[in-house]
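Here's the structure, in structure tokens; my notes come after.
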Number of protein chains: 2
Amino acid sequence: MGRTNTREEIVRKGAELIHAQGFNATGLQQILQAAGIPKGSFYFYFKSKEDFGLAIIDYFSAIIGEIFTHYLSDGKIPPLKRLEKLFGFFEAAFQKSGNARGCPIGNLSLELAGTNERLRLHLAGVIETLIAQLASCLEEAKRDQSIPSDLNTADTARFIFQGFEGAVMHMKVVKSIEPFQGFRNFLLEYFKNIYPPRLSAPRG
Amino acid sequence: MGRTNTREEIVRKGAELIHAQGFNATGLQQILQAAGIPKGSFYFYFKSKEDFGLAIIDYFSAIIGEIFTHYLSDGKIPPLKRLEKLFGFFEAAFQKSGNARGCPIGNLSLELAGTNERLRLHLAGVIETLIAQLASCLEEAKRDQSIPSDLNTADTARFIFQGFEGAVMHMKVVKSIEPFQGFRNFLLEYFKNIYPPRLSAPRG
DNA sequence: GACTTGTAGACGACTGGTCTATTATGTTAC
DNA sequence: GTAACATAATAGACCAGTCGTCTACAAGTC
């Protein structure tokens, strides 16, 4: 087995188990056994479990980043519609796994930020990137005049992200998609009402 | 030392450590050593670490519930102002501990919901109660006519809670109060604009 | 004195991450 | 074709730490 294959196998299986059980609750033994890779190999590919954690975060970050890009940069669709589609995608994805696993980045953030500074910083970077992607989509919406020109897109993007993470947490703890749907509906309603700006004559 | 004292000491010290480090990352040994209580006593008061987890959740739930009640049921202040004050209190509390620990209920939810059904259900109950307290405050705001009469208070309360948890997560991962302040401002702005209801003209 | 309530901490079985010694594989030189 | 070497990969021991159990003992109460 080539070098990258083995390493990638460890990351993939590890990501899967960690997503379901958490970082601390998932032992290397379990990951390696599930992947059919001997224990000794692990420390050939990773310096420590902490380093492995970084790789796991990168793995999740890449997946989510691609999803964000795919939906939020789709020039064929108006910006706010893209956001809607993104949520629709996540809703379907969550339901496929019983709404029980939540957001891997959010999970790891709360579990590890308190005890590991390196992982915390890494996670913070990932989150910032995702928020920036949202903000950039909102900027397009502004040019599109579907949101007010004086709206602070950075703040709004952050608010959306926070709401998203909170909704996914709620979803996970009750194991139902409903809290996520509630969030999505609330947000879409918000965007529907935010424009045209109040009292100034409706958009013609 | 009377029965309740020892037990309470374990819970208090445990809650403190678990809040900072997480449930799995905190061993019984560490808690008991920090509290100066021998190991043997633990299993006199608790059947298992899982049962101890239930007690910890109850402990946090009681504290937060009291805070919610104190602020949200304060009849001397208009409902929406109470909400504002509640956020102000949390902001100060977060800063006092370096914005690094987050919400204990949120932390435990994401860490444990995936692996322990009993704890998950317990956490879900606590969350439902908190949302209900928010909703009840919003109901008062409705009677007060500071929010539209057709607003769904249950949905809105849930949305606020989700945003809150997401903001606190964000705060914890960047170790800064800013994300929380952003959330608070955004929400207050929302309430400022939601009423009086928009002429019902636009968007039609 | 007998019973309950609580303390004390050694002990067990097991799992955690880590490390060193060793084997397999591949490449090059002759 | 094979000897020499370097790198890729494995095996499993290692010890600290995990939760949980157990027996022995103190103190207080009837």
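When rounded to the nearest whole Å, the span between CZ of B/Phe44 and C1' of D/dT21 equals 16 Å. The CD atom of A/Glu50 sits 9 Å away from the P atom of C/dT18 (whole-angstrom rounding). Straight-line distance from the CZ atom of B/Phe42 to the C1' atom of D/dC22: 16 Å, rounded to whole Å. Atom CG of B/Leu32 is separated from atom C1' of C/dA10 by 15 Å (rounded to the nearest Å). Residue A/Lys47 contributes atom NZ, which lies 10 Å from atom P of C/dT18 at whole-angstrom precision. Computed from coordinates, the A/Ile10 CD1 to D/dA9 C1' distance equals 11 Å when rounded to whole Å. A/Asn116 has its CG atom 14 Å from the P atom of C/dG17, to the nearest Å.
Note on ring orientation: taking the six-membered ring where Trp is involved, the planes of A/Phe159 and B/Phe186 are parallel (angle under 30°, cut-offs 30° and 60°). Ring-plane geometry between A/Phe94 and A/Phe90 is classed as parallel, the angle between the planes falling under 30 degrees on a 0 to 90 degree scale with a further cut at 60.
A salt bridge links B/Glu117 to A/Lys175: one of the charged nitrogens lies within less than 4.0 Å of a carboxylate oxygen.
Applying the side-chain hydrogen bond (donor to acceptor under 3.5 Å, both in side chains) criterion to B/Ser41, with sequence neighbours excluded, gives no partner residue. Residues satisfying the salt bridge (charged side-chain N to carboxylate O under 4.0 Å, His left out) criterion with A/Asp74, sequence neighbours excluded, are A/Lys76.
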Using nucleotides 14-19 of chain D, report all nitrogen or oxygen pairs with the protein that are shorter than 3.5 Å.
unit_1, atom_1, unit_2, atom_2, d
D/dT18, OP2, B/Gln29, NE2, 3.2
D/dC19, OP1, B/Leu28, N, 3.4
D/dC19, OP1, B/Lys49, NZ, 3.1
D/dC19, OP2, B/Leu28, N, 3.0

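Between B/Tyr45 and the phosphate of C/dG6, there is no side-chain N or O to OP1/OP2 separation shorter than 4.0 Å. Distances shown here put every side-chain N or O of A/Ser41 at or beyond 4.0 Å from the OP1 or OP2 atom of D/dA11.
One distance of note links CZ of B/Arg118 with CG of B/Leu123; it measures 12.0 Å at 0.5 Å rounding.
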